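Data first, discussion second: the structure below is written as C-alpha cells.
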Amino acid sequence: MEVADVVVVSIVTIVVCMNGVVVSSSSAAAAAAKQLYPAMFVFGDSVIDSGNNNYLRSWAKANYVPYGLDFYQGTPTGRFCNGKTIVDFLGDLIGLPLLPTSEASLRGADIDRGVNYASAAAGILDESGQLLGERFNLRQQVENFRSTVGQLKKQMDETKLEEYLAKSLIVMNLGSNDYLNNYLIPAFYNSSSSYNPIQYALLLITQYTTNIMELHNLGARKFLLAAIGPLGCLPNQLATGLAPPGKCVSFVNDMVEAFNKGLLSLVHQLNANHTTSTFVFANTYAAFTDILNNPDFYGFSVTDRGCCGIGRNKGQITCLPFLIPCLNRDEYIFWDAYHPTQAFNQIIAEKVFNGGLSVCYPMNVKQMAQV
C-alpha cells in the first residue's frame, strides 16, 4: 500500500482481456507520441501495480468495483486507483501501450514493449507486507525480470538484446511498504526496535542497491528511481489522529525524508561509478508536497481524505467492494486510504517526463531517452 500522478487525454482504445488482465492493443495517446524507449520495465508496489496481485493469495487486491471506475470500460484490473496509474500515463508520454503484468507475460502476452512486475504490499525488504499475504517483493520482481530476459534471448540475438535492454527504461517505485507495512507496525515487526530511522533508511538503501545492481548486471542501463511520497499525509495516517487538524504526521514524513536523502546520494554514487548508465532520482516527495500545498493551482479541492473509504478521513478502512465513491473524483488527491486518484497520477507523470531538476535529477525522462 502506498503513494503517487496526470493530463486529460481523450483515448480511444481496443481493450483485450487476457486471463483477467486488461492490456491495451493501442491507445490514441501512445500512438500519437513518438516512441522514446523500446520498452519499459516496472518494479514497485500498489501505487503502480497493474494486476499482478490478482493471481496471488493476498489481501492486497483491487480487482473489484469501484476500482477501475474511470479506467477503460470502467473495468477493475487490479490497479489501486479509479483509473490509470503513473506508469500508465508515463507509457502514454513515451509512446508505449499498457504493459502486460508479469503473470500475463508468462502466459504468452507480448513482452516486446516491456513488463510491469509491481506488486501491492511489496517492499524492498523481503518481509515487508507479509501480513497481507503473498506478494512479489523486490527480490522476486528482479527474478521475474531475469525470466523475461531469458524469454527475450529466444527472440533476438545477443547484440540486439544488449542494445534493447540498454535503451529501455527501468522504473522503480518502492519503499512505502517498508514503512507502512513494516517499520510503523511494531506489534508485528521488530524493525523499529532494532533500528532507529536513520539506520533503517540505510538498511533499505543497501538492500535497494543490491537489487538495482542485479538489474544492471542483466543489461539495464536507464533507471528512474522514485522517492517515497509524504506518507504522513495519507488518509490512513491522518486517520490515526497523530497530527493536528490540517497537518500531516510529521514524524512519518521525517522517516521518509531520511530514505529519500539516501536515495539521492545513491543516484550520485551510481552515476559516478557507472558512466555508461544513467540513474535519475524522481523527487515525487517534492512534487506531491507541492500539490498538497497548492491544490487550487492543480485543480484539487479535497486533500485530506479518500474518495472511497470508511471512517475518519475515509482512511480507517480502505475502499471495499461496491462501496460508493465520491462523484467529483478529479477534485480529490486521494482515491482511497493509501493511493492517489487518476487525476493526481497524470500530473506526477507529466512532471517526471518533462520536469526540471527540482523533480528529476540529473535529468527528466524525456531527456534521458536522448542519452
Side-chain angles (χ1 to χ4, degrees), residues 1-6 45-49 53 58-71 74 76-86 120-121 129 131-132 176-177 179-181 184-185 228-253 256 284-285 287-296 298-348:
M1 306 178 198
E2 306 63 23
V3 207
D5 237 271
V6 187
D45 48 40
S46 58
V47 172
I48 52 178
D49 184 354
N53 277 34
S58 170
W59 291 104
K61 292 188 179 185
N63 56 345
Y64 55 83
V65 175
Y67 285 97
L69 181 64
D70 299 306
F71 198 67
T77 61
R79 288 168 169 79
F80 287 74
C81 187
N82 59 306
K84 297 171 77 171
T85 68
I86 299 168
L131 286 173
L132 294 168
S176 295
N177 282 304
Y179 290 95
L180 294 173
N181 286 300
L184 291 172
I185 45 176
I228 302 175
L231 301 182
C233 303
L234 296 179
N236 167 264
Q237 291 299 300
L238 297 180
T240 64
L242 295 175
K247 302 291 184 181
C248 299
V249 183
S250 58
F251 77 88
V252 173
N253 284 348
V256 168
T284 46
Y285 184 101
F288 202 124
T289 302
D290 181 48
I291 295 171
L292 283 170
N293 291 338
N294 303 284
D296 293 345
Y298 291 98
F300 297 109
S301 60
V302 185
T303 65
D304 61 350
R305 63 184 184 272
C307 172
C308 184
I310 297 173
R312 182 188 297 169
N313 298 91
K314 294 291 182 75
Q316 290 178 295
I317 299 176
T318 197
C319 192
L320 298 176
F322 300 104
L323 201 61
I324 298 175
C326 63
L327 295 178
N328 53 334
R329 295 180 287 280
D330 287 347
E331 296 178 22
Y332 275 65
I333 286 179
F334 296 103
W335 161 249
D336 63 14
Y338 301 94
H339 308 96
T341 58
Q342 171 176 265
F344 181 92
N345 288 340
Q346 192 176 356
I347 295 168
I348 297 296

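This structure is a prediction, so every number in the text was calculated from the model and none was measured. The figures here come from the full heavy-atom set of this structure, side chains too, leaving out hydrogens, waters and symmetry mates.
- The backbone N or O of Ala120 sits less than 3.5 Å from a side-chain atom of Asp49, completing a donor-acceptor pair.
- Scanning for side-chain contact (heavy atoms from CB on, under 4.5 Å) contacts around Pro295 gives Phe300, Thr303, with sequence neighbours left out.
- Shown are Pro66, Pro235, Pro325; of these, the side chain to side chain contact (heavy atoms under 4.5 Å, CB included) with Cys307 is made only by Pro325.
- Residues Phe334 and Thr341 form no side-chain contact, since every pair of their non-hydrogen atoms from C-beta on lies 4.5 Å or further apart.
- A distance-only check finds no donor-acceptor pair linking the side chain of Asn63 to the backbone of Pro76 [under 3.5 Å].
- Residues that satisfy the side-chain contact (heavy atoms from CB on, under 4.5 Å) test with Asn294, not counting sequence neighbours, are Asp290, Phe297, Tyr298.
- Within the 4.5 Å cutoff, the side chain of Asn253 has heavy atoms near those of the Tyr285 side chain.
- Looking at residues two or more places apart in sequence or on another chain, you find a side-chain contact (heavy atoms from CB on, under 4.5 Å) between Val302 and Asp304, Arg305, Tyr332.
- Taking the six-membered ring where the residue is Trp, Trp335 and Tyr67 present perpendicular rings, their angle passing 60° and hence far from 30°.
- Residue Asp70 holds its CG atom at 12.0 Å from NZ of Lys84, rounded to the nearest 0.5 Å.
- Here the side chains of Ile291 and Ile333 are in contact, with some heavy-atom distance below 4.5 Å.
- In this structure, OG1 in Thr77 is found 5.0 Å from CZ in Phe71, a value given to the nearest 0.5 Å.
- Considering only heavy atoms from C-beta on, Leu231 comes within 4.5 Å of Ser176 through its side chain.
- One finds the CG atom of Leu242 at 12.5 Å from the SG atom of Cys248 (value rounded to the nearest 0.5 Å).
- Taking the side chain as every heavy atom from C-beta outward, Leu69 and Arg329 approach each other to under 4.5 Å.
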(request) Output, in order, the C-alpha distance, side-chain angles, deciding distance and verdict of side chain to side chain contact (heavy atoms under 4.5 Å, CB included) for Ile185 and Leu131. (result) CA-CA 10 Å; Ile185 45 176; Leu131 286 173; 3.6 Å; yes

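- With a 4.5 Å cut-off on side-chain heavy atoms, Asn236 and Thr318 do not count as touching.
- Minimum heavy-atom separation, Pro230 to Thr289: CG-OG1, 4.1 Å.
- Under the 4.5 Å side-chain criterion, counting only non-hydrogen atoms from C-beta, Leu132 is in contact with Asn181.
- Atom SG of Cys81 is separated from atom CD1 of Ile86 by 9.0 Å, given to the nearest 0.5 angstrom.
- Distance check for Cys308 and Cys326: the SG atoms are not under the 2.5 Å cut-off.
- Counting heavy atoms from C-beta on, the side chains of Leu180 and Gln237 come closer than 4.5 Å.
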(request) Starting from the C-alpha separation in whole Å, work towards a yes-or-no answer on side chain to side chain contact (heavy atoms under 4.5 Å, CB included) for His339 and Val47. (result) CA-CA 6 Å; His339 308 96; Val47 172; 4.2 Å; yes

